[in-house]
Amino acid sequence: MEAKGWISGDESAKEMLGRVLSRARPFLLLPPLHRVPLRPRNVLEIVGPSPSAKTHLLIQAALTCVLPVDWNGVHYGGFDGFAIFIDLDCRFDIFRFSHLLKLRLASGSVSEIDREQNNNTIKRSSIAYDEELYTLCMRRFSYVRCYDSFEFLATLKTLHYRIQKEKAYGNCVHMLLIDSIGAFHWIDRASTCLPLRGSNRKSHSVQTVLETVVQEIRKLLLLHPMLAIATKATLFGNRAMNEAKCRNLRKPDTSYSQIGGITALQLPYREYMPSAWQTFVTHRILLRPSDDHLAVSDDQNHSVYFSEWLLPSLSFLDKFIVKEAGVFLVA
Amino acid sequence: MAPLKSLEQEYPILDSNFQSFCASHDIFSVEDLLLHDLYVLAAFAEQESSSERLKQGIAQVLSIIDGQHQPWLNGIELLEDAQRNKHVLSTGCEGIDLLLHGGLRVGQLTELVGPSSSGKTQVCLLAASNVAKKHIGSVVYLDTGNSFSPQRVTQFICQHSDPAIDQAKHRTLQKVMNNISCKSVFDIFTMFDVLHQLEFNLRSQMQGGDCKVQLLIVDSVSSMVTPILGGSGSQGHALMISAGYLLKKLAHEHNIAVLVTNHTVGGDGGISKPALGESWKSIPHVRLLLSCDHGGSICNVSILKHPSMAVGKAARFMIHN
């Protein structure tokens with residue numbers, strides 16, 4: 001009977017898991033992004049004051065994206081795809097990217113580089129890497145810079161055709177990286193548009209620009225499954241953190257949940273992005289410089305950064321440093 | 001941005017029918033089109049009588065929009081451009097050059113932060129004289145505090161030359177001084193004026209010639225921005241960020257090294273911090289902190305921010321009299 005068909009179901013849980021997991025593998029990115037598995041169509045926001053190694057994390061992600069899984073018998077563990085980098089900060093250093101890529105290629109896996117670095121410093125001229133693979137990976141990195149919101153919107157509107165063109169050549173895009181989504185916040189906030197004709201005309205403001213940005217990125221993610229990562233600089237300073245610190249000093253007997261001395265409900269920075277963007281973001285991680293320094297060798301003193309997952313909210317901090325070969329976790 | 005009417009001459013497909021269709025959806029210019037969903041617009045166009053022509057018009061507008069952003073580059077092209085054009089300019093000061101692995105990088109905005117009389121203007125004058133003399137390029141010096149001193153620049157230039165033939169020395173001195181153009185600007189609007197004029201000149205200039213601008217110095221950017229910051233409006237911040245982006249655009253597109261100075265203000269707990277606040281922190285590529293010992297001529301410089309070097313790395317230098 002028909003009713004029985006409703007109850008018996010289409011497939012078992014095992015079959016469903018087998019079907020889903022074979023098609024979409026969760027991404028496991030390098031530390032400190034490794035605690036939460038990220039998939040295509042996730043939107044990760046990396047937020048932190050300046051400087052807190054946000055762009056470095058983007059570069060690490062881009063490197064993982066452009067490297068192949070295996071090449072000539074060496075396992076690189078990359079995603080073998082294109083990475084699209086939209087630079088709104090206009091501060092990207094291609095030399096640093098190239099140097100990191102060469103170090104990754106020369107050593108094969110990340111843990112080896114760490115061991116080598118602790119023994120001696122790597123001289124730039126003596127790195128042996130596969131030239132052909134290097135060129136292939138560099139070509140997979142697509143870069144554009146935008147000097148204002150209009151250029152950013154124009155880039156997003158025409159991005160679909162660009163990705164389609166690449167797909168026609170058999171290359172798929174796995175990552176969309178945006179450096180500093182809040183770069184034009186002040187400029188957009190201050191531009192007032194006098195409505196000329198038609199009272200329904202959309203004025204250029206932070207709300208409309210970001211709503212359009214979210215719309216375009218959502219459409220792109222629907223058509224081309226990729227992971228979107230955006231950095232965001234905190235524009236308003238960490239007054240909340242300082243106030244919490246002062247409160248800590250005045251009442252030494254009160255116990256606070258130890259997330260950098262801030263109670264879990266309070267955000268350690270002031271959110272300035274409109275709600276359209278805030279609801280669009282699926283994952284959020286906060287980076288902060290700490291006051292500690294880690295002495296790696298005699299002359300090098302690396303500052304330690306904290307990373308804390310805000311969405312999903314994990315209740316511990318990771319510590320990492322930025323060395324010549326990239327970002328490494330500190331126990 | 002251009003109203004759609006003005007595009008009709010160049011693109012006849014954007015005729016009055018297309019314009020009235022767009023007007024019915026409150027779209028009057030290319031800027032409005034950027035804020036609209038073009039797929040939804042195409043769906044509305046389907047319902048019109050001349051749907052084919054309208055959709056062709058939308059496709060034409062999309063290709064116009066494609067020309068509105070900077071070109072796409074891949075990693076190899078970026079690297080080639082950087083290796084060819086974005087070389088390093090020595091500042092003439094050994095300590096700073098060693099710290100920055102060679103000096104000021106073309107295409108980057110370097111900021112010198114320091115309290116008053118910490119040597120910022122001296123470093124700027126030294127860099128200007130060094131670039132004008134050694135790199136055969138011209139320098140544009142925007143002076144906000146009347147601190148540009150031609151005598152000091154002459155001292156720097158004549159420092160290392162031998163005291164031999166006077167006339168030849170005089171001629172080289174003149175040529176080098178001609179390469180430094182100094183402009184006094186006292187408010188941010190004049191600075192925008194000067195920078196836009198510079199951008200226009202650079203864009204319309206032919207390639208080559210040895211009077212190509214290599215270094216742009218703004219001493220100091222904080223004295224122009226601080227009077228307009230503050231208050232509840234966001235105009236001041238917007239002007240500051242726009243100025244920063246204009247400087248970065250000049251640096252990257254026209255292959256110039258930009259050097260700006262900033263002063264310090266009191267921060268939390270009495271520790272001094274750079275002025276201009278949080279939003280300015282993301283503008284410069286490289287931030288250096290200068291400090292001078294009392295009464296001595298030895299100065300300290302340390303890195304506050306650098307795209308590829310650790311924060312806190314320091315060096316000492318001395319500027320000879």
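Throughout, protein chains are lettered first and strands after them, A, B, ... in sequence-line order, and every chain is numbered starting at 1.
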Honestly, the part of F82(A) sitting under 4.5 Å from a heavy atom of chain B is neither
When the 4.5 angstrom heavy-atom criterion is applied to V209(A) and chain B, the contacting part is both
Notebook entry, point to check: Can you tell me if K157(A) uses its side chain to pair, donor with acceptor, with the backbone of L62(B) under 3.5 Å?
Noted result: no
Here the gap from I94(A) atom CD1 to E80(B) atom CD, rounded to the nearest 0.5 Å, amounts to 11.0 Å
Interatomic distance, NZ@K86(B) vs CZ@F95(A), rounded to 0.5 Å, equals 9.0 Å
The reported gap from CD in Q235(B) to CD1 in I187(A) (rounded to nearest 0.5 angstrom) is 11.5 Å
Honestly, the part of L33(B) sitting under 4.5 Å from a heavy atom of chain A is backbone
Value for CD (E278(B)) from OG1 (T234(A)), rounded to nearest 0.5 Å, stands at 5.0 Å
Using the side-chain contact (heavy atoms from CB on, under 4.5 Å) rule, take T155(A) and W72(B) through it: C-alpha gap first, then chi angles, then the decisive distance, then the call.
CA-CA 9 Å; T155(A) 311; W72(B) 283 94; 3.5 Å; yes
Honestly, the part of T135(A) sitting under 4.5 Å from a heavy atom of chain B is both
Q. Around E94(B), counting heavy atoms of other residues, nucleotides and ligands shown, do more than 12 lie under 6.0 Å from its CD?
A. no
Honestly, the part of Q83(B) sitting under 4.5 Å from a heavy atom of chain A is both
Which of R287(B), K281(B), K305(B) passes side chain to side chain donor-acceptor pair (under 3.5 Å) with S50(A)? It is K305(B)
Exercise. Would you say the side-chain atoms of H237(B) pair up with the backbone N or O of A190(A), donor to acceptor, closer than 3.5 Å?
Worked result: no
Of A238(B), G244(B), P284(B), G67(B), the largest count of non-hydrogen pairs under 4.5 angstrom with chain A goes to A238(B)
Whatever's closer than 4.5 Å to a heavy atom in chain A on L304(B) counts as backbone
Under 4.5 Å to a heavy atom of chain B? For L156(A) that would be neither
Taken to the nearest 0.5 Å, the spacing of F152(A) CZ from L34(B) CG works out to 12.0 Å
Do K219(A) and D37(B) pass the salt bridge (Lys or Arg N to Asp or Glu O under 4.0 Å) test, and can you show the C-alpha distance, the side-chain angles, and the key distance before you say yes or no? CA-CA 10 Å; K219(A) 273 190 288 184; D37(B) 191 335; 2.8 Å; yes
Under 4.5 Å to a heavy atom of chain B? For L136(A) that would be neither
From the list L79(B), I65(B), I241(B), the residue making the most non-hydrogen contacts under 4.5 Å with chain A is L79(B)
side-chain contact (heavy atoms from CB on, under 4.5 Å) between Q70(B) and E151(A), intermediate numbers included = CA-CA 7 Å; Q70(B) 303 293 321; E151(A) 292 189 12; 3.4 Å; yes
Rounding to 0.5 Å, atoms NE2 (H69(B)) and CG (D148(A)) come to a distance of 12.5 Å
**Report entry** Stepwise side-chain contact (heavy atoms from CB on, under 4.5 Å) test for H160(A) and Y39(B)
**Finding:** CA-CA 12 Å; H160(A) 167 65; Y39(B) 290 102; 3.5 Å; yes
The interface call for D66(B) against chain A, heavy-atom contacts under 4.5 Å, is both
Looking only at R140(A), R162(A), H56(A), H185(A), the option with the highest number of non-hydrogen pairs under 4.5 Å against chain B is R162(A)
Test side-chain contact (heavy atoms from CB on, under 4.5 Å), reference M138(A), set L78(B), I76(B), N74(B), output is I76(B)
Correct closest heavy-atom pair for C90(A) and H285(B) would be O-NE2, 3.2 Å
Counting heavy-atom pairs under 4.5 Å with chain B, the top scorer among G182(A), P51(A), A233(A) is P51(A)
Check: Would a distance-only check, ignoring hydrogens and angles, find a side-chain to backbone donor-acceptor pair under 3.5 Å from R91(A) to S282(B)?
Finding: yes
If one checks every heavy atom of L109(B) against chain A at 4.5 Å, the contacting part turns out to be neither
Counting heavy-atom pairs under 4.5 angstrom with chain B, the leader among F97(A), Y147(A), F92(A) is Y147(A)
Hits for side-chain contact (heavy atoms from CB on, under 4.5 Å) against S290(A), two or more places apart or cross-chain, chain-then-number order -> D292(A), V304(A), F306(A)
Checklist line | Short side-chain to backbone donor-acceptor contact, K248(B) and D89(A), under 3.5 Å | finding: yes
